[in-house]
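In what follows, a structure is listed as structure tokens, so that the remarks can point back to it.
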Amino acid sequence: MFPTPTRPLIAPSLLAADFSRLREEVAAIERAGADWLHLDVMDGHFVPNITFGPLVVKALRPYTKMPMDAHLMIAPADPYIAAFAEAGADHISVHPEAGPHLHRTLQLIRSLGKKAGVVLNPATPIDAVVNVLDLTDLIMVMTVNPGFGGQAFLSSQLPKIAALRRLIDESGRDIILQIDGGITPKTAPSVLQAGATCLIAGTAVFGAPDYAAAITAIRESAPPSLPQLSTSLGG
Ligand code: DX5
Ligand code: ZN
């Protein structure tokens with residue numbers, strides 16, 4: 001479980017970084033005020049793209065204090081979870097479609113001392129997570145189809161985000177509600193209004209000339225009068 005954040009957490013996605021300078025890119029977003037480092041792991045099988053595995057997570061681990069937020073877009077995921085844990089990932093999130101036993105997968109992640117997350121594709125209903133809330137530290141809503149950065153935000157997911165906010169609040173659990181895909185200062189207000197507590201952004205941070213300004217623009221995009229900022233986010 002996480003303490004309730006007092007302001008939206010911003011997790012830049014390394015997918016949009018300059019891959020020839022990963023160490024410098026990680027340092028730059030940390031200096032710029034990023035809260036978490038989001039790591040998109042793709043296998044060319046679960047999603048139609050390939051990125052990196054535990055070796056890259058391990059290589060970057062000594063160079064940042066930010067929690068490493070691993071988003072596994074691989075199937076099966078279970079055989080690789082220990083490797084990501086050993087590499088230094090702090091949060092390990094999986095898609096329910098990546099294996100037959102989501103409950104067991106979350107148990108495995110927790111047993112390794114890591115925060116466990118469930119990622120919902122645009123077509124995946126919230127039912128996929130309802131019966132495993134006791135093992136869930138993070139729920140991530142995809143607002144694009146997973147596999148690539150720079151895609152257009154799917155506003156069709158907003159009712160799902162709001163429904164998950166209600167589900168989390170009713171459960172009384174400190175579960176982080178993350179949104180991944182197409183987040184910009186223009187789209188962020190709608191997901192914050194719907195109850196998100198962590199925004200993942202690739203292109204909108206790494207594609208900007210000034211990372212600090214980009215992170216601040218996303219974090220502060222919601223008007224302070226938002227009910228979610230005065231209640232769920234405690235600010
Ligand atoms: C997509 C990834 C996202 C991606 C987001 O499969 O999970 O984390 O990097 O990139 P943007 O912010 O460019 O949509
Ligand atoms: Zn991601």
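We count ligands from 1, going down the list as the structure has it; atoms in each ligand are counted the same way. Side-chain atoms are counted along with the backbone in the values below, which use heavy atoms only and exclude waters and symmetry mates.
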Those atoms of ligand 1 less than 4.0 Å from some heavy atom in [X]:
X	answer
Ala201	12 (O)
His71	7 (O)
Gly181	14 (O)
Ser13	8 (O), 9 (O)
Gly150	11 (P), 13 (O), 14 (O)
Pro146	6 (O)
Met42	6 (O)
His38	8 (O)

Which heavy atom of the protein is the closest neighbour of [atom], given with residue, atom name and distance?
atom	value
atom 10 (O) of ligand 1	Gly149 CA, 3.6 Å
atom 13 (O) of ligand 1	Thr203 OG1, 2.5 Å
atom 1 (C) of ligand 1	Phe148 O, 3.6 Å
atom 2 (C) of ligand 1	Asp40 OD1, 3.3 Å

Given Gly147, Ala204, Gly202, which has its nearest heavy atom closest to atom 12 (O) of ligand 1?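 It is Gly202 that holds the nearest heavy atom.
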Of the listed options Ile183, Leu199, Asp180, closest to atom 5 (C) of ligand 1 (non-hydrogen atoms):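 Checking each option, the heavy atom nearest atom 5 (C) of ligand 1 is found in Asp180.
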Is there a donor-acceptor pair under 3.5 Å between the side chain of [X] and the backbone N or O of [Y]?
X	Y	result
Arg219	Gly33	yes
Ser93	His71	no
Arg165	Ala194	no
Thr197	Leu177	yes

For a side chain to side chain contact (heavy atoms under 4.5 Å, CB included) with Gln178, tell me which candidate from Asp69, Val191, Leu199, Ile161 qualifies.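 Among Asp69, Val191, Leu199, Ile161, the one that satisfies the side chain to side chain contact (heavy atoms under 4.5 Å, CB included) with Gln178 is Asp69.
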Going by side chain to side chain contact (heavy atoms under 4.5 Å, CB included), Phe2 matches just one of Leu138, Leu9, Ile175. Which one?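 Single pass found, and it is Leu138.
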Between Asp78 and Thr105, do the side chains contain a donor N or O and an acceptor N or O under 3.5 Å apart?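 Yes, a side-chain donor-acceptor pair sits under 3.5 Å.
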Would you say the side-chain atoms of Glu25 and Tyr211 include a donor-acceptor pair closer than 3.5 Å?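 Result is yes, a qualifying pair exists.
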Does Ile200 reach ligand 1 with a nitrogen or oxygen that is under 3.5 Å from one of the ligand's nitrogen or oxygen atoms?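 Between Ile200 and ligand 1, no N or O pair is found under 3.5 Å apart.
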Decide whether an N or O pair under 3.5 Å exists between Asn145 and ligand 1.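 Checking ligand 1 against Asn145, no N or O pair falls under 3.5 Å apart.
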In a check of side chain to side chain donor-acceptor pair (under 3.5 Å) between Asp137 and each of Lys114, His91, Arg110, which one passes?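 Of the listed residues Lys114, His91, Arg110, the side chain to side chain donor-acceptor pair (under 3.5 Å) partner of Asp137 is Arg110.
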Residue [X] atom name (nearest to the Zn ion (ligand 2); N/O/S):
X	result
Asp40	OD1
Asp180	OD2
His71	ND1

Any link between Met140 and Leu135 through a network of hydrophobic side chains (Ile, Leu, Val, Met, Phe, Trp, Tyr) touching at under 4.5 Å?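 Not linked; separate clusters.
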Applying a strict under-4.5 Å side-chain criterion to I, L, V, M, F, W and Y, I'd like to know whether Ile183 and Ile200 cluster together.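 Looking at the clustering, Ile200 is in a separate group from Ile183.
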Side-chain touch Leu15/Phe206, heavy atoms, less than 4.5 angstrom: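 In short, these two side chains do not touch, never coming nearer than 4.5 Å.
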Any Gly182 heavy atom less than 4.0 Å to ligand 1: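 Yes, Gly182 has heavy atoms under 4.0 Å from ligand 1.
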